[in-house]
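Accompanying notes for the structure given below.
Naming convention: chains lettered A, B, ... in sequence-line order (proteins, then strands); numbering from 1 in each chain. Everything quoted here is computed from the prediction, not taken from an experiment. Heavy-atom basis, side chains included; hydrogens, waters and symmetry copies ignored.
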There are 2 protein chains.
Amino acid sequence: MENRKVTIADVAKRAKVSPASVSRYLNGVEGNLSPDTADRIRQAIDEMGYQPNAWARSLKTRRSGLLAVVAADLSNSYVPSVLDGIDSAANDAGYSLIIGNAKNDQSREAMLLERLHQQRIEGLVLQSTAEHSSGPLRSLMESGIPIMLIDRSVDGQSDLDLVALDNRGAISMALGHLRAQGFSQIIYVTDPPDMASSRRERELAVMASRSSWAAVRVVVRRDATPAALVEAIGDLLTDSERTAVLCSNAVATLYALDAIQAGGWAVPGELGLMMVDNPDWAPYVLGGITSVAQPTHDLGRQAAMRLLHRIRHPAIPPMEMRLPGQLIVRKSTQ
Amino acid sequence: MENRKVTIADVAKRAKVSPASVSRYLNGVEGNLSPDTADRIRQAIDEMGYQPNAWARSLKTRRSGLLAVVAADLSNSYVPSVLDGIDSAANDAGYSLIIGNAKNDQSREAMLLERLHQQRIEGLVLQSTAEHSSGPLRSLMESGIPIMLIDRSVDGQSDLDLVALDNRGAISMALGHLRAQGFSQIIYVTDPPDMASSRRERELAVMASRSSWAAVRVVVRRDATPAALVEAIGDLLTDSERTAVLCSNAVATLYALDAIQAGGWAVPGELGLMMVDNPDWAPYVLGGITSVAQPTHDLGRQAAMRLLHRIRHPAIPPMEMRLPGQLIVRKSTQ
DNA sequence: CTGAAAGCGCTAACAT
DNA sequence: ATGTTAGCGCTTTCAG
């Protein structure tokens with residue numbers, strides 16, 4: 001049955017009722033239909049392969065059933081996992097999900113946000129590429145479209161909701177574990193912290209620990225050459241102290257693994273290793289890499305649920321939600 | 001400026017022109033406007049923070065600017081990579097992307113497809129969970145909505161486009177490499193092949209190789225217990241022949257790594273290992289795992305570009321596009 | 001319980 | 001070059 005242009009009117013004609021009744025049937029309205037008409041309508045719909053047109057409906061009801069996620073970088077394994085959580089909550093509520101990939105480019109992010117605004121999304125989950133709100137983001141806010149920030153904040157303490165890892169807690173958990181394992185020197189490997197509050201928070205927490213425990217010697221940025229990390233590790237290993245590398249996330253860990261392979265150091269014999277994040281390969285590399293797992297799936301789910309709640313109750317004040325990491329001890333620090 | 005309900009009519013009034021002129025301005029129509037009116041319109045739009053309403057536009061033009069991707073399982077690392085490719089092509093063409101996650105559940109997939117149909121997507125990229133076309137999928141086809149299958153076919157040689165890895169070629173590449181490296185026994189580890197033609201194609205290619213090279217001794221399904229794999233490997237290792245494990249994808253490899261860790265075998269000393277797929281951790285596990293890389297990003301891009309092409313030219317006949325894998329030799333097979 | 005009619009915001013003839 | 005008008009397909013008063 002060719003349903004290219006089957007409209008509610010066609011169905012109505014076929015069922016010998018008014019378009020209004022078909023609409024009522026479709027929406028299961030209270031003021032019920034007689035069983036007879038309902039039947040005829042159902043039948044007509046089946047026979048004609050009718051599919052309601054969501055645009056027309058949206059135009060009238062001002063609800064699109066569309067949520068959007070704009071991620072900083074799709075190729076970071078953090079994102080798909082969070083996305084999975086968002087998707088499941090969104091779908092349970094009958095929403096579809098539009099996805100945007102900013103590719104770590106602020107102007108691209110801005111363009112995406114503008115497009116989504118025109119698409120009349122009902123809510124947005126944003127892992128922002130920018131420190132400060134762009135024009136399109138503000139425009140979205142002014143239109144009263146609920147926005148949930150994840151992973152990273154925007155404009156510091158803003159008036160937007162935020163769901164993110166408790167970065168300070170995660171770092172202190174990691175450092176605590178390393179200290180307990182007898183490591184007395186730490187090399188912290190991180191991405192350049194600009195543009196991502198989460199990175200900055202982690203790095204700050206690492207630095208702050210120096211006051212209570214003067215063990216952190218080096219912070220290496222991933223924008224340095226790989227050789228720089230090899231050298232940094234090599235330098236510290238001349239000491240007699242036990243040394244560990246702590247990585248700010250999974251991608252930074254791959255970078256560190258490269259250096260460790262190049263340097264030929266034994267883990268955990270000569271060098272400890274752990275990371276924030278718990279990718280699926282963590283148990284299998286070097287016999288298992290100790291991790292502070294982020295509750296990524298749950299984080300996405302929470303964000304989406306909160307967003308959906310806010311869509312229904314716009315008045316509730318924004319809040320910051322910090323999810324705890326979970327220490328998973330493996331061979332690389334034992 | 002509160003732009004909740006700024007319409008083209010409001011802008012028109014403010015700019016003292018007709019709605020039609022504003023529309024013309026928005027769409028950069030040929031029959032040009034005088035620089036003066038254009039200016040007034042631009043100004044009015046700025047001042048009022050006007051955002052065109054995509055639904056209304058779609059309703060009229062019958063173009064939604066929406067593409068959809070429905071993936072079998074978002075948590076498989078294959079998907080985000082392909083998605084990235086699709087996203088970049090879609091965005092370049094000004095389309096937004098709706099994403100659906102079937103979670104390996106056919107009925108969930110069917111529900112998603114129906115929702116997308118109502119959303120009036122202009123095209124669909126589908127990694128199907130089902131062997132055969134569901135009602136909603138057929139309905140989509142009958143409505144003339146272009147569909148690109150990726151990774152897996154549906155209904156065998158169907159009348160839908162397909163973009164996928166050249167599985168036979170990939171397997172023969174892998175086997176050829178193993179043979180050249182002196183391995184004389186192969187254990188093939190795969191997911192249960194039901195519901196995914198790609199898995200079946202790979203397994204068939206492995207089995208077919210037996211006629212020319214009687215080296216493949218065991219095929220282990222991931223639905224067996226982990227212990228089964230340990231046992232299978234243990235059994236074969238009593239031989240004096242060189243043995244390798246070949247995994248059908250990254251997830252199966254994690255499973256095999258578990259067994260290898262449990263068995264305590266040295267790679268590549270006692271046991272070779274390689275896989276189809278090249279996840280970001282491949283270089284770092286066991287000193288590097290030999291891979292046949294899938295061109296995932298390119299696969300997504302090709303699929304999206306072909307889809308966009310088909311949207312413009314519905315008449316072109318469907319075709320099957322097979323992308324070659326690429327052998328990346330690492331330590332695990334040397 | 002059901003129908004008639006008025007739009008939602010936009011575009012595309014058709015006029016002028 | 002610009003304005004008028006008639007819908008796109010649906011929901012929703014308001015009557016009956």
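- Under a 3.5 Å cut-off, the side chain of B:R138 and the backbone N or O of B:S133 do form a donor-acceptor pair.
- For the pair A:N53 and B:Q118, the minimum side-chain heavy-atom distance is 4.5 Å or more.
- The existence of a salt bridge linking A:R301 and A:D92 is confirmed by a sub-4.0 Å separation between a basic side-chain nitrogen and an acidic carboxylate oxygen.
- B:L112 is not listed as a side-chain neighbour of B:N101, based on a closest heavy-atom distance of 4.5 Å or more.
- In this structure, B:D36 places its CG atom 12 Å from C1' of D:dA1, rounding to the nearest Å.
- Scanning all heavy atoms of the two residues, the minimum distance from A:S153 to A:S197 falls at N-OG, 2.8 Å.
- Each end of the helix from C:dC1-D:dG16 to C:dT16-D:dA1 gets its own rotation axis from five pairs of C1' atoms, and the angle between them is 40° to the nearest 10 degrees.
- Atoms CZ (B:R120) and C1' (D:dG9) sit 9 Å apart, rounded to a whole Å.
- Taking only side-chain nitrogens and oxygens, B:T7 never comes nearer than 4.0 Å to OP1 or OP2 of C:dG9.
- Following rounding to the nearest Å, A:R63 (CZ) and D:dG9 (C1') show an atom-to-atom distance of 18 Å.
- In this structure, the separation between CD on A:Q294 and OG on A:S81 is 9.0 Å, given to the nearest 0.5 Å.
- Here B:R62 reaches the OP1 or OP2 of D:dG9: one of its side-chain N or O atoms lies under 4.0 Å away.
- Counting non-hydrogen atoms under 4.0 angstrom, B:T37 reaches the backbone sugars and phosphates but no base.
- Atoms CD (A:Q51) and P (D:dC10) sit 11 Å apart, rounded to a whole Å.
- Summarising the geometry, the separation between OH on B:Y25 and C1' on D:dA1 is reported as 17 Å, rounded to the nearest angstrom.
- Shortest non-hydrogen contact noted between B:L66 and B:Y95 is N-CD2, 3.8 Å.
- Spacing between atom NZ of A:K16 and atom P of C:dG3 amounts to 12 Å, rounded to whole angstrom units.
- Contact check, A:S34 against C:dT2: a side-chain N or O comes under 4.0 Å of OP1 or OP2.
- Looking at heavy atoms from C-beta onward, A:L299 lies out of side-chain contact with A:I86 at the 4.5 angstrom threshold.
- The nearest whole Å value for the distance from the CH2 atom in B:W55 to the P atom in C:dT11 is 15 Å.
- A:I41 places its CD1 atom 11 Å from the C1' atom of C:dC1, with the value rounded to the nearest Å.
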List, with names and distances, any nitrogen or oxygen atoms from the protein found under 3.5 Å away from nitrogen or oxygen atoms belonging to nucleotides 11-14 of chain D.
residue, atom, partner, partner atom, Å
D:dT11, OP1, A:N27, ND2, 3.3
D:dT11, OP1, A:R57, NH1, 2.8
D:dT11, OP2, A:S23, OG, 2.9

Between side-chain atoms of residues 69-79 of chain A and protein atoms elsewhere (two or more places apart, or another chain), which donor-acceptor pairs fall under 3.5 Å?
residue, atom, partner, partner atom, Å
A:D73, OD1, A:S75, N, 3.0
A:D73, OD1, A:S75, OG, 2.9
A:D73, OD2, A:S75, OG, 3.3
A:N76, OD1, A:Y78, N, 3.0

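- Side-chain proximity of B:L59 to D:dG9, C:dC10, D:dC10: nearest is D:dG9.
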